[in-house]
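Here the structure comes first, spelled out in structure tokens, and everything after it is commentary.
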Amino acid sequence: MTIEIAVRHAVPGFTLDVDLRLGNGLNALFGPSGSGKTTLVNVIAGLRRPGAGRIVVDGTVLHDSAAGLDLPRHRRRIGYVFQEARLFPHLDVRRNLLYGRWLRGQGGGRAEIDAVVEMLGIGSLLARRPSGLSGGEKQRVAIGRALLSAPRLLLMDEPLTALDEARKAEIMPYLERLRDESRVPILYVSHSVAEVGRLAGEMVALSGGRVVAHGPTAEVMAGLDILPGGVTAEAGVMLDAEVVGTEPEWQLTLLDTAAGRLAVPSGDLPAAGRVRLRIRARDVMLALDPPVGVSALNSLPGVVEAVVATGDSAVLLRLRCNTAVVFARVTRRSAANLDLVPGRRVHAVLKSVALDRAMISL
Amino acid sequence: MTIEIAVRHAVPGFTLDVDLRLGNGLNALFGPSGSGKTTLVNVIAGLRRPGAGRIVVDGTVLHDSAAGLDLPRHRRRIGYVFQEARLFPHLDVRRNLLYGRWLRGQGGGRAEIDAVVEMLGIGSLLARRPSGLSGGEKQRVAIGRALLSAPRLLLMDEPLTALDEARKAEIMPYLERLRDESRVPILYVSHSVAEVGRLAGEMVALSGGRVVAHGPTAEVMAGLDILPGGVTAEAGVMLDAEVVGTEPEWQLTLLDTAAGRLAVPSGDLPAAGRVRLRIRARDVMLALDPPVGVSALNSLPGVVEAVVATGDSAVLLRLRCNTAVVFARVTRRSAANLDLVPGRRVHAVLKSVALDRAMISL
Amino acid sequence: MGRLAGFELSAEEWTAVALSLRVAAVATLFSLPPAVGVALLLARGRFPGHAILNGLVHLPLILPPVVTGYLLLIGFGRRGVIGAALAEHLGLVFSFRWTGAALAAAVMGFPLLVRAIRLAIEAVDRRLEDAAATLGAGPGIVFATVTLPLILPGILAGAILAFAKAMGEFGATITFVSNIPGETQTLASAIYTFMQVPGGDAGVLRLTLVSIAISMAALVASELLSRRIARRIETR
Amino acid sequence: MGRLAGFELSAEEWTAVALSLRVAAVATLFSLPPAVGVALLLARGRFPGHAILNGLVHLPLILPPVVTGYLLLIGFGRRGVIGAALAEHLGLVFSFRWTGAALAAAVMGFPLLVRAIRLAIEAVDRRLEDAAATLGAGPGIVFATVTLPLILPGILAGAILAFAKAMGEFGATITFVSNIPGETQTLASAIYTFMQVPGGDAGVLRLTLVSIAISMAALVASELLSRRIARRIETR
Amino acid sequence: RADEVTVFAAASLKTALDEIAAAWKAAGGGEVRVSYAGSSALARQIEQGAPADVFVSADLDWMAHVRDKGLVRAGTEVRLLGNAIVLVAPAGSQGPVDLADPLALAAALADGRLAMANVDAVPAGRYGKAALTALGLWRSVEAKVAQADNVRAALMLVSRGEAPLGIVYATDAAADPGVRIVARFPADSHPPIVYPAAVLAGAASPDARDLRRFSARRTPARSSRRGASSGWTSRSQTERLGRGHRDRSSR
Ligand SMILES: Nc1ncnc2c1ncn2[C@@H]1O[C@H](COP(=O)(O)OP(=O)(O)OP(=O)(O)O)[C@@H](O)[C@H]1O
Ligand SMILES: Nc1ncnc2c1ncn2[C@@H]1O[C@H](COP(=O)(O)OP(=O)(O)OP(=O)(O)O)[C@@H](O)[C@H]1O
Ligand SMILES: [Mg+2]
Ligand SMILES: [Mg+2]
């Protein structure tokens, strides 16, 4: 299943001009405030008619200006979690949730409904009207409403911003499962590198209405320093990993990656299978010799390949550990002290607790 | 200047019951979705009349149920950044910004207005109406509107959630200055430990309408593991620090803390004076001997005082480094390997890049 | 009894009361659907004849009621273009029937009904309709499940205006279907008759009070209902 | 000339046109402030006499216009309780003056005006008013700077209804201030007069067309204005 | 405006009074302003102090009402105009109706309506009801009467073909080519149809006192347009009609 979006849409003072082809899974739309994320999502949903362009989802042409074709919004089967919840004020939470389902004549699916309600923690709100709900409660109901409408494409515009960390931590695994099991592609707008890194297979960075970067999340993340709104703290790589074993007594899980073997907290990780691991450059410490007598459990031998970027106080180094690239951010002084020039052999030291659940996506 | 809030407010299914005395500066209100943060803030602003209670700001009684006293909301001089922007749709951005100022007859203050407009990056929006603004743009205008109304207390309900990291990074120093220079106390609702840690002197944690923790941010943060919605990744300590020198060639600044001397990236830090530094437990690596040949620049000798909490895979250790407490989160396996029991002498190893601007508040 | 005697209604007056109620209710109910349609067109439509339709809707307000009655007579009378066709094909006769009184009342109340509903439609947050559309609701379903519930208070307000107007309307009614006791003599016509004769003031007062009582009851009922609806859809 | 001759207005008719315009304009303008006040009370107030006030406002709609006119005559006539007091203390005379026609038109249009404004007030997002209050705006200023601008389209809609009603109103007017050419004879009364005589149809048609033309112009102007306002305050 | 006369006159008199006023003015009588409305409204207004100099009522009752309130200047009352009532049918209809035949009227109506002005309130209706009663026809048509707001509306119902028959003034029937007279009611079958006029007690205009001179110009003899009889009864007829029924209230 693919999503093709090639649209141009101009309003006074702002022009959205994108040409994208997105694959299945969860694709992140990333960019600073006012960069056109919501506009793009609205165009896809049919809420704004683009000045010109073509939108195709899974072979179905949703819009084609040249051919004069525009599928009415209600036939696009797009689930949309709006930036503002937009709940129906005259319906209680339950009816809000089931609105789309009811329209499609799918009254059933109790199990699915219950699962969503439970995941979102809105079981106690079902009989309430939206007016009294807190900001986060509204947002959760809005997420549930879109999820339950059986869409063929899910658009989520900053769905988790109103939520606390604990709630996010509960919802994210659900989104992972949705992404992997339901085959519903998701376009996910977010400002949070952590969310994007964990959830998104592909990532599109927008700025001023244009695509400034697009590709596998790992690759785009690696270049985050050069992105607008440079979120240096979050720069890093994504590695594919295989669960190769556990240490039950310590509740640690062993992952094999192209960079080497790593121990991470088990949490809810599966006992086998593939996951993805994000390693932030700022979490990587470099040592000339394998460290001993330290709490960090992971140490990957590697070679400095290049100095990717140089900031005022820090440098971003690209290492090759086995066959994989890993980034490390260290102070310029350390780089000088340890003579971290290309070709230098080093060890990338990583605390297991820094590789927590937020860094791993299933 | 103090804020006293002792209120009880019940709606069907939810009761807010708090008794707080807050000091000057920026106080954070923290808690999961639906815990009553917005309700409390509304009560203070006079938008909801509490069932019973007393609210005093800076000696002025805003509400006293027992005495039948209730200062009308417009006389409370409270700047309120709402969770949803609530801009006036019939006024352009400029008039929205100046609304409160205009009411108070303070047309002037061009410099201040320009500074706020610039800081929020809304200069190009001034002639626009709110209807076409993006979510983040709306939120920024709402912040500006409250800031410019010359309030004696500023209530900010999740003001930065709709913004990208870069924009947040621009606004936060402004809030720091506001906190320190204007003497306007701020009650700041947020889900983000990073924001709270950086900005808040005191912190109140709400859950189910009740205060479950309240105190200096550093102390409350230290106990974050036991807080509802446990944001373990952010647990840590706040240390007062003095700028004692810089290494201009490396753009590093040296801080003296009760735990020892630390080098951090200079960024926009002052060349002298006092700052506060947050050290997250997850960023602390423990070593039995002072590490050599590693990129980490900071190593603080200390003693394990206690095992504060034990999770599935990790433990939270309380160290004493000099006279200060520092927390470290390490895997249970490392704790066992290195025999990290109370009394054990260790070195807390900290990467300078992990002590970036987000961890330091002025 | 004695002092109340003056307030007792004659059989004929009771008939007029019953007829007025029927006329007002039928007029209001039957004009609701077209009023909603026209209000929707006026509020949302952008078409060439917009101004003309709008003007047409307001016409009964602008014209003296007798002129409206006259026009109705010409159009819907036995010999009227539309009246003749309706009588022939649908068996629907207006002239000198209570149905004609209802038609007159409906026409006179139509601008009030449309305006109230239109205002309500214009106040609807269209983003909610957009949300419903993304959930799979076509225009008709969006209207039925989102717009309609949200404009209910406006519809109610308009209906009560139209009902009150129907209770008071007589200029167009009497001109169109004249004043036949038991058939087209409404409360308002009866009051008017009393106004025309010297010493009819007591009769005017009595019937006016009845008319006010009925309309007040309708008004209070509609207020309660609308408050209940409003509470359900408040956004605060 | 020949064929148009029938459509030329006599001097007296021109006077009636001018008077109608003046009456309708004055009636609408002067009833606006009290209508806004009453609408505000009805929309927001919770007080014991709520239902009664609401009923009172609707009264002119419920009552046959002649009854309203009669009540005005009794109340505001030269010999009326209020009329006498007003004449003595304020020098404000209604009886058999154009001012009386304006009063009658204002009273008749009042329910329409209030209903439209009330609907608009009820549609205002009170959270915006709360926001204004936190910024230091007292109730009056909140109203002037937030509520009023937001309800402008509703006020306009109500005003145009009231204006149209004033143009068509004659039942109450003719009963209250009679039908004196140059003083109280409005377009609608002139049409009525023509309707009373055999062969008056041409006159009826002529004046009716004038009346329609004026109201249509007002209608179109108000639509344009209201669309402009609405564009400025749309929330989408 | 002391030289201006304000006349409050029953609306059905418009054609006639407009002509009289024009003649009065032509004869140097000064400005006349006529406020045309229903007699009931006018009488109530006079009661409430209306600035009228002359009242012309459509029947004797409302004049009596005003006089009883002491608002009429004594001795100024005159019978300004007289009229008759006739049975009319749409222009194209067949033959006359014999009012002497007790079944003819009902038969001519068939299942149609008999258009009349309000039989309780409006003078023309009351005269018609009285005439039908006197002729013994009321019972047979009572249920078929459609009461219009005024006699003009009744006329219109007939001329538009809505009603097959109607009872209207002779003046109205004469002015409307859409109807033809199918029967005339005997003058003694109903109270006299007279339009009384009187100077009001509060009259300000000096000219108004000269009502007799004004009323001398009444009785437009011919309808200018069609040259047919206008239907107004002559002065002598009016005087005669008034006699014997003087000031009697018909209710
Ligand atoms: N009118 C009401 N009736 C019932 N419950 C209400 C009402 N108003 C608020 N509540 C409940 O009170 C609780 C607190 O709401 P509040 O808006 O203060 O939460 P919050 O802490 O601001 O949450 P969030 O972070 O999601 O904005 C919520 O569970 C909400 O559902
Ligand atoms: N009708 C309009 N007229 C003018 N500019 C508009 C209009 N609608 C949107 N814009 C502008 O287009 C830009 C993109 O808006 P959009 O809502 O897509 O931003 P966004 O990326 O979703 O931002 P955020 O993260 O703040 O929600 C903004 O600068 C906005 O001001
Ligand atoms: Mg957006
Ligand atoms: Mg909240």
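Below, all heavy atoms of this structure are taken into account, side chains as well, without hydrogens, waters or symmetry copies. We name chains A, B, ... by the order of the sequence lines, and we start the count at 1 in each one.
For A/L338, the part lying near chain B is the side chain, with the backbone staying farther off; criterion is any non-hydrogen pair under 4.5 Å. The parts of A/E137 that come within reach of chain B are both its backbone and its side chain, each placing non-hydrogen atoms under 4.5 angstrom from that chain. Residue A/P291 does not touch chain B at all, counting heavy-atom pairs closer than 4.5 Å. Only the side chain of A/E247 comes within contact range of chain B, with at least one heavy atom under 4.5 Å from a heavy atom of that chain. Interface remark: A/V292 contributes no atoms to any contact with chain B (heavy atom separation under 4.5 Å). Neither the backbone nor the side chain of A/T38 comes within less than 4.5 Å of any heavy atom of chain B. Contacts between A/S134 and chain B at a heavy-atom distance below 4.5 Å involve the side chain alone, from C-beta outward. Looking at B/R333, the atoms closer than 4.5 Å to chain A (heavy atoms on both sides) sit in the backbone and in the side chain alike. With a 4.5 Å cut-off on non-hydrogen atoms, B/V11 does not touch chain A at all.
In this structure, B/E195 CD and B/F30 CZ are separated by 10.0 Å, a value rounded to the nearest 0.5 Å. Annotation: the span from A/D283 atom CG to B/D283 atom CG amounts to 6.5 Å, rounded to 0.5 Å. Once rounded to the nearest 0.5 Å, the distance linking OG of A/S313 with CG of B/D356 reads 10.0 Å. With values rounded to the nearest 0.5 angstrom, A/F327 atom CZ is found 15.5 Å from A/R280 atom CZ. For the atom pair B/K138 NZ and B/L125 CG, the distance stands at 12.0 Å (nearest 0.5 Å).
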Q: Would you check, one step at a time, whether the test side-chain contact (heavy atoms from CB on, under 4.5 Å) holds for A/L160 with A/Q139?
A: CA-CA 8 Å; A/L160 305 185; A/Q139 198 58 25; over 6 Å; no

Q: Could you please spell out the steps behind the side-chain contact (heavy atoms from CB on, under 4.5 Å) verdict for A/M156 and A/V41?
A: CA-CA 8 Å; A/M156 308 185 86; A/V41 168; over 6 Å; no

Q: Give the intermediate values and the outcome of side-chain contact (heavy atoms from CB on, under 4.5 Å) for residues A/N298 and A/V349.
A: CA-CA 6 Å; A/N298 306 300; A/V349 180; over 6 Å; no

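Of the listed residues (B/T39, B/V330, B/L252, B/L163), the greatest number of heavy-atom pairs within a distance under 4.5 Å of chain A belongs to B/L163. Listed options A/G34, A/P12, A/S266, A/S352 were ranked by heavy-atom pairs under 4.5 angstrom with chain B; first place goes to A/G34. Between chain A and the residues B/A354, B/A314, B/S124, B/G31, the most heavy-atom pairs under 4.5 angstrom are made by B/A354. Most heavy-atom pairs under 4.5 Å with chain B: of the set A/G293, A/A287, A/A336, A/G136, this distinction falls to A/G293. Note: A/R140 leads A/E84, A/K37, A/R140, A/H347 in heavy-atom pairs under 4.5 Å with chain B. Taking chain B as the reference chain and counting heavy-atom pairs below 4.5 Å, the highest number among A/D157, A/T161, A/L297, A/V346 is found for A/L297. Considering only heavy-atom pairs separated by less than 4.5 Å from chain A, the leading option among B/S334, B/G121, B/A263 is B/S334. Most heavy-atom pairs under 4.5 Å with chain A: of the set B/D289, B/V284, B/V264, B/L133, this distinction falls to B/V284.
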